[in-house]
Each structure stands twice: as structure tokens, then as C-alpha cells.
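Quantities reported herein were computed from a predicted structural model and do not represent experimental measurements. Ligands are counted one by one from 1 in listed order, and the atoms in each one are counted from 1 as well. Atoms considered below: every heavy atom in the structure, side chains included; atoms not considered: hydrogens, waters and symmetry mates.
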Amino acid sequence: MESKEKPVSEQTTTPPAMERRRFLQTMGSAVGLAAAATLAGPDDVLRTVEAAAQSLSGLSPKQAAREESFWLGIQQAFTMSRSLINLDNAWTCPSPRLVTEAVVRYTWLQEEEPAQQWIQKLRPRQESVRIGLARLFGCDPEEIALVRNATEALQIVLFGIPLKSGDEVLTTSLDYGSMVSTLNYRQQRDGIVLKRIDMPTPPKAMEELAGAFERAITPKTRLILVSHIAYLNGQVFPIKNICDLAHQRGIEVVVDGAHSFAHLDFTRQDLDCDYFGTSLHKWLLAPKGTGLLYVRKDKIETIPPLMSAPSGRRKANIRKFEQVGTHPAAPILAIAEALSFHTVIGSKRKEERLRYLKDYWAERLRKVPNVRLYTSLQPEMSCGIATVGVEGVHPVAFRDYLWERHRVQTARIVSAGIQGLRVSPNLYTTLNELDYFCEVVEDVAKKGLPEPHKSFKPDDTTTG
Ligand SMILES: Cc1ncc(COP(=O)(O)O)c(C=O)c1O
């Protein structure tokens, strides 16, 4: 069922009717917020965001998502160049200024005396980062490992889970390449049987997705790998339903949460998965090279680390997954600043803002002749990411045209039956930028690409 609300592209982009007093209050906060975000230290930014957020307290997260005055302040907390339009946040996201500044501060601290600072001061402080992440994810801190990215988190699990020859593992056509290739290694090394479920893009209803897993399960199925949000088209998967039907049959579930953590508002309890891996440099906006691995407590002992850790006392200790040798403390510690920024905005408010931005451009473009959306706009089926194509226009040529002629960054998707551009705005994206993007796509849908992009010929590297 499509949402009955008026499409956002038909709604006013100026702040909706609200009392004059609250409007002025919000505007005042936003202007202050913009100034503080640009000029002041991290504490001031957080205080000002918090004050501005309080002025939204009478509004639901969905209503708050449309308060441009508030989001203007948030946009100013970033150091993004406005000479380009970055609609490719599903790769990695820019951090807000306070996070980048924290990385610099912690780097100087470590440089005072690298070894001693690390051992005595910086490493112990990682524990508060672990606690902060566990609070957001809703689990015990002893179930959280601080790793470098989703790749590391998920490969620890996918390489480590005990599986034997003939055991079946389910994955989907929308799962990420390096996770699937990890399972290909297990095929070669251990003789597991990897079964790929082809998913519709988009499905008509969420039930189709859980149903596809249910039909693919056999008595030999031992493990399911599933993306919470698919990287190809932003499809949200019904993780709890999949976990329920898996657990009833003694099957474990690994969730690739690269795009869902700090994007959707949820806790571990809402998923009930056994393992979850994510990159924090994506939607949490933390420093590059930071990630999180969740392993359900009773399973930690059964998964060996990818790099050997001291045996014995570390067997059931989640920190065994962090033994990667010397590495910088600053990115890990500055996760705390990213968590603070996320928390003052509010998880649900952020989710609704990301969904609003996606709806803003997608609702407009889906009515345009020759335009095809590969993502459902039903609120539970997608959030900030969606994929769009124009009939007869190759995604590589389209992406290059958008970048070379218009400085609009998108990602080309040629996979799983999708021929389109993945579009992923972020909190710093303005409606004006999305209008510009829509105008360019409308023009291409009407007239096609100009030369030389029109003559683009796909080869092996561009066919996906
Ligand atoms: C679904 C998914 N999983 C995992 C990854 C890997 O993330 P990273 O490169 O940060 O390890 C990505 C990267 O975009 C992704 O989209």
C-alpha cells in the first residue's frame, strides 16, 4: 500500500504553518546553530543543536523532518563544499566539523608520546565509546567490538562461523559483493553450499522478502546473510521476521547493517539477530576507518578472530576481535563526538529527515515519463537511499554526465536487474540541491544525454 500522505514534492518547502512564536524561536535557534556550528567549539555546537531541537519538541519526528529552519543549522555543522552536490553518501559520509576537530585533537594527544599515551590514556577511553555504541544499539557493551569497517566486522563472522561441507547458506541478489565473496571462499575451503535468492526490485510488499527466505530454507540451511538496507537500491529488509523464521529452525542470522545503523531508528531487540556488522563512517558520520561488530554473547566463544589474539582468557572476550596491531586511537575516540551529534538530533528525527529527502526527489521523478524507480517508496520499505534510471540511458554515461557537466555525485548501479543511479542525500543536503538534480534528470528523460555521453558504449567493466 502506498502512503496516503500528500507526496512531499507537492508540499510547500517553506516551513509549514506553525505559530509565529515557535517559528521565530526555531529560526533564532537555527541562526545561532549555524553560527555556532561554524565558529564555536564542539560543546557549543552540541548545546546549540540541543536548544534548537527543544524548539521542535511539540512536533512528531515526521513533522520535524520538514522544518527547514532547523535543518539549515544542521547543514552548517558540516564543512562540505557547496561547489558540488554530493548525492553519494551510501559510500561514505562526510563527518560534521566537531568530529573532524576531535580527530585532530586526539591525534595531537597521541603524538605527545605515542606508546604511553595509548596505553595509559587513550586505550582505556575506548571503553566509553564501546558503552556509547552499546547504548545506541541496545546491547551489552561486552557484545560490541570496535573494528575498522563493515567489511572487517562481517568477514570476522562469515569466515569464523563453524560450517561444514554440505551446510547451506542463504544470501540474496542484493547483498554486498565482498560479503558474498567471503562466502565463496567458504565454498572452496569448506564445501558449503551457497544459495542466492533473487529479490524483486522493488517488491510490492515487505512480506515478499521474508516469504522468499522461507521458501529457500531447507533442512540443511545453517546460516542466513541479509542486508538490513540493501546497498543497490536502499531496500529495507524485515530483519525480525527473517530472524524469527530462521531461529525457529535453528538457523543463525548475520545482518549486514552497513547502511542501517544510525540511519533507521532501531535497537538490537527489534532485529533479534545473532551477528550485526556496520561501518560507523557511513550514517553515524564517524571518522573514516571505524566500524562496529555485534556478536550475541553466547556466540563470542565459537567465533575465532581473523587475526590471532592471546588465547585462553580472551576466548569469550569480545576484544579478541580488536587485535589488529598498532593503529591510530583518534578515529576510534572521535566516534564519541559522532554519537553525541547523532543523539542530540535524535535517531527517529534523523530517520524521518533522510526519508523526507529521498521522498522529496523520488516522488517528483517517479511521475516523469521514461523514469523508472527501483525502490519502493512505502515508508517501511526504504529510507534515505533509492535508485532511479532513465529508459535507454546507461547508468555509467548518466553518472559521468551528472558529474562532469553538473558536479552532481551519484553512484551507478548495474546489477541484480537494476540499471540506474543510486541517490543518497544526507543531513547536509539542501532541497535546492535536490531540485537541481531533479531538473537535470527531467531534462535527460525528455531529451536523452548530449554528446559525448550519448555515444557511450558499455564494455565488460561497466555492465556489472
Ligand atoms: C551493504 C554494504 N556492506 C558492506 C559494505 C562495506 O563497507 P566498508 O567498505 O565501509 O567496509 C558496504 C560498502 O558500501 C555496503 O554497502
Below 4.0 angstrom from a heavy atom of His259, which ligand 1 atoms are there? Numbered from 1 as shown, please.
1 (C), 15 (C), 16 (O)
Taking 4.0 angstrom as the limit and counting only heavy atoms of Met179, give me the atoms of ligand 1 inside it, by number and element.
4 (C)
Using atom types as modelled and distance alone, determine if a side-chain donor or acceptor of Thr278 lies under 3.5 Å from a backbone N or O of Gly257.
yes
What is the closest protein heavy atom to [atom], and at what distance does it sit?
atom	result
atom 13 (C) of ligand 1	Lys282 NZ, 3.0 Å
atom 3 (N) of ligand 1	Asp256 OD2, 2.7 Å
atom 15 (C) of ligand 1	Tyr176 CD1, 3.3 Å
atom 7 (O) of ligand 1	Ser279 OG, 3.5 Å

Does an N or O anywhere in Glu152 fall below 3.5 Å from an N or O of ligand 1?
no
Under 3.5 Å: N/O of Tyr231 near N/O of ligand 1:
no
Please evaluate residues Glu152 and Asn149 with respect to the criterion side chain to side chain donor-acceptor pair (under 3.5 Å), reporting the C-alpha separation (whole Å), side-chain torsions for both, the decisive distance (0.1 Å), and the verdict.
CA-CA 5 Å; Glu152 183 173 38; Asn149 46 47; 5.7 Å; no
If you measure from atom 9 (O) of ligand 1 to every heavy atom of Asn149, Thr151, Thr290, which option wins on shortest distance?
Thr151
Between Trp403 and Arg407, is there a cation-pi geometry (under 6.0 Å to ring centre, at most 45° from the normal)?
yes
With no hydrogens and no angle check, do the side chains of Tyr185 and Gln155 hold a donor and an acceptor under 3.5 Å apart?
no
Side-chain donor-acceptor pair present, Lys358, Ser382, cut-off under 3.5 Å
yes
Taking the ring of His406 and the ring of Tyr401, is the distance between their centroids below 6.0 Å?
yes
Looking at every non-hydrogen atom in both residues, tell me the closest pair between Ser376 and Pro203 and how far apart they are.
CB-O, 4.3 Å
Under 4.0 angstrom from ligand 1, any heavy atom of His281?
yes
